[in-house]
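See below for the structure under consideration.
All ligand and atom numbering here is 1-based and tracks the order in the structure.
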Amino acid sequence: MNVVVTKSYEASCKAAADMIAKAIQANPAAKLGLATGSTPLPIYKELIRMHTQEGLDFSQVRTVNLDEYCGIDASHPQSYRYFMNENLFNHVNIDKKNTYVPSGMGNLEQNAAELEAKVFEGGTPAVQLLGIGSNGHVGFNEAGSRLTAQSHVEPLVETTINDNARFFEKREDVPTQAVSMGMKGILAAQSIVLVATGASKVEAIRGLVQDDCVYPQNPATFLKLHPNATIIIDEELAKQAGYKA
Ligand code: F6R
């Protein structure tokens, strides 16, 4: 696992966007594994800028998203399909037919099986972009005594529901389940880039940088098993998490 420390969150996002752009330049039909949440927003803004100002071409790019809430459909502003359309897909020349976000509606077991197939179809992502939950979750693989390998329906834990309540009108509106890529699909990506910033991520990042161990209580620590995973953090977070290069 490679840890990159930048001057600022903005610089972290620029570095992550550069890695994604490089993958597209190396293979115009690259497959990208994408994340939602607040962390990647500046990354997507930068990719849109690269598209409009520098001609970064998404016409053949394929994408698969990590997860989707259960029980809210694509027209719901907090659904991850809506998020991806609003924050990236509508602003670049990607063919939406080449983008996949699980639906989170209908038969959820079928959703999970479809997501699992999409992760591996035509080869695994060249780059998997990740954020990290305050409890160390990646995708919606929640912290606990065990992790699930394949894509599955995951009950969201209290901390995650609380963390995500900021996006909804009322806490009761936050979905309590998500369809998520499992640890196997995440770790199958050819490269992984995780970006984190802010005080709420200190403990999760400490688990990543403090030793060479993996803990199901901090799912992100499994990235230590990946041959090509990069963690990008700003110097403030690095300092608070006790990271020493
Ligand atoms: C989102 C996802 C989640 C988020 C995590 C951090 O697709 O899979 O693991 O990356 O909850 O969210 P933010 O970036 O909002 O702090």
Side-chain angles (χ1 to χ4, degrees), residues 9-10 12-13 16-17 20 32-45 63-70 72 74 76-89 99-104 111-112 115 118-119 125 127-144 147-148 151-168 174-187 189 192-205 207-208 218-223 229-234 237 241:
Y9 168 50
E10 195 189 355
S12 298
C13 290
I20 294 171
L32 307 174
L34 299 178
T36 60
S38 49
T39 308
L41 284 171
I43 302 173
Y44 295 147
K45 276 213 177 91
T63 68
V64 57
N65 262 72
L66 282 168
D67 41 25
E68 179 59 282
Y69 287 126
C70 298
I72 59 178
H76 192 293
Q78 294 307 332
S79 78
Y80 288 166
R81 162 54 75 181
Y82 190 98
F83 174 103
M84 290 310 305
N85 287 348
E86 281 289 299
N87 293 299
L88 182 64
F89 300 154
T99 69
Y100 180 78
V101 184
S103 85
N111 264 235
L115 171 59
K118 291 287 178 186
V119 175
V127 185
Q128 174 65 58
L129 178 62
L130 295 177
I132 184 171
S134 60
N135 64 355
H137 73 212
V138 284
F140 275 129
N141 294 283
E142 294 287 26
L147 290 164
T148 308
S151 299
H152 58 283
V153 180
E154 179 98 6
L156 303 182
V157 300
E158 206 60 20
T159 16
T160 300
I161 294 173
N162 292 338
D163 286 349
N164 291 352
R166 69 189 193 280
F167 298 115
F168 291 82
V174 187
T176 54
Q177 286 186 308
V179 176
S180 178
M181 206 185 280
M183 296 307 293
K184 177 180 156 195
I186 292 173
L187 293 172
I192 295 177
V193 55
L194 182 150
V195 177
T197 189
S200 66
K201 307 295 169 72
V202 170
E203 290 317 312
I205 294 296
L208 276 184
N218 182 343
T221 58
F222 280 70
L223 301 185
T230 304
I231 312 302
I232 309 181
I233 52 178
D234 46 78
L237 178 53

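The aromatic rings of Y69 and F168 lie perpendicular to each other, with more than 60° between the two planes, well past the 30° mark. Ring pair Y44/F83 is perpendicular by interplanar angle, where above 60° counts as perpendicular and below 30° as parallel.
Contacts with ligand 1 closer than 4.0 Å are made by no heavy atom of M84, backbone or side chain. Contact annotation for D67 and ligand 1: only side-chain heavy atoms (C-beta onward) come within less than 4.0 Å of the ligand. By the criterion of a heavy-atom distance under 4.0 Å, neither the backbone nor the side chain of N65 is placed next to ligand 1.
N141 places a side-chain N or O within 3.5 Å of a backbone atom of M181 that can act as its donor or acceptor partner. Distance alone, capped at 3.5 Å, places no donor-acceptor pair between the N87 side chain and the L41 backbone.
Looking at T39 next to ligand 1, an N or O pair under 3.5 Å apart turns up. The N/O atoms of G133, backbone and side chain alike, include none that comes under 3.5 Å of an N/O atom in ligand 1.
Of all protein heavy atoms, the one lying nearest to atom 5 (C) of ligand 1 is H137 NE2, 3.4 Å. Remark: minimum distance from atom 10 (O) of ligand 1 to any protein heavy atom is reached at G131 CA, 3.4 Å. Among all protein heavy atoms, the one lying closest to atom 16 (O) of ligand 1 is K201 NZ, 2.7 Å. The nearest protein atom to atom 6 (C) of ligand 1, hydrogens excluded, is given as I132 O, 3.3 Å; this is a heavy-atom distance. Taking atom 1 (C) of ligand 1 as the reference point, the nearest protein heavy-atom neighbour is T36 OG1, 3.2 Å. Protein heavy atom nearest atom 3 (C) of ligand 1, with residue, atom name and distance: G139 O, 3.6 Å.
The CG atom of L34 sits 5.0 Å away from atom CG of N65, with the distance rounded to the nearest 0.5 Å.
At a cut-off of 3.5 Å, with distance as the only test, no side-chain donor of R81 or S103 sits close to an acceptor on the other residue. Checked by atom type, the side-chain pair S12/D234 shows no donor-acceptor distance below 3.5 Å.
Close approach to L66 involves these atoms of ligand 1, each under 4.0 Å from a residue heavy atom: 8 (O). When each atom of ligand 1 is checked for a heavy atom of S38 under 4.0 Å away, the hits are 13 (P), 14 (O), 15 (O), 16 (O).
Put simply, the side chain of C70 reaches to within 4.5 Å of the side chain of V179, judged on heavy atoms. Side-chain contact between F140 and L66 is absent, with no heavy atoms from C-beta onward closer than 4.5 Å.
Using a non-hydrogen distance threshold of 4.0 Å, E68 does not register as a contact of ligand 1.
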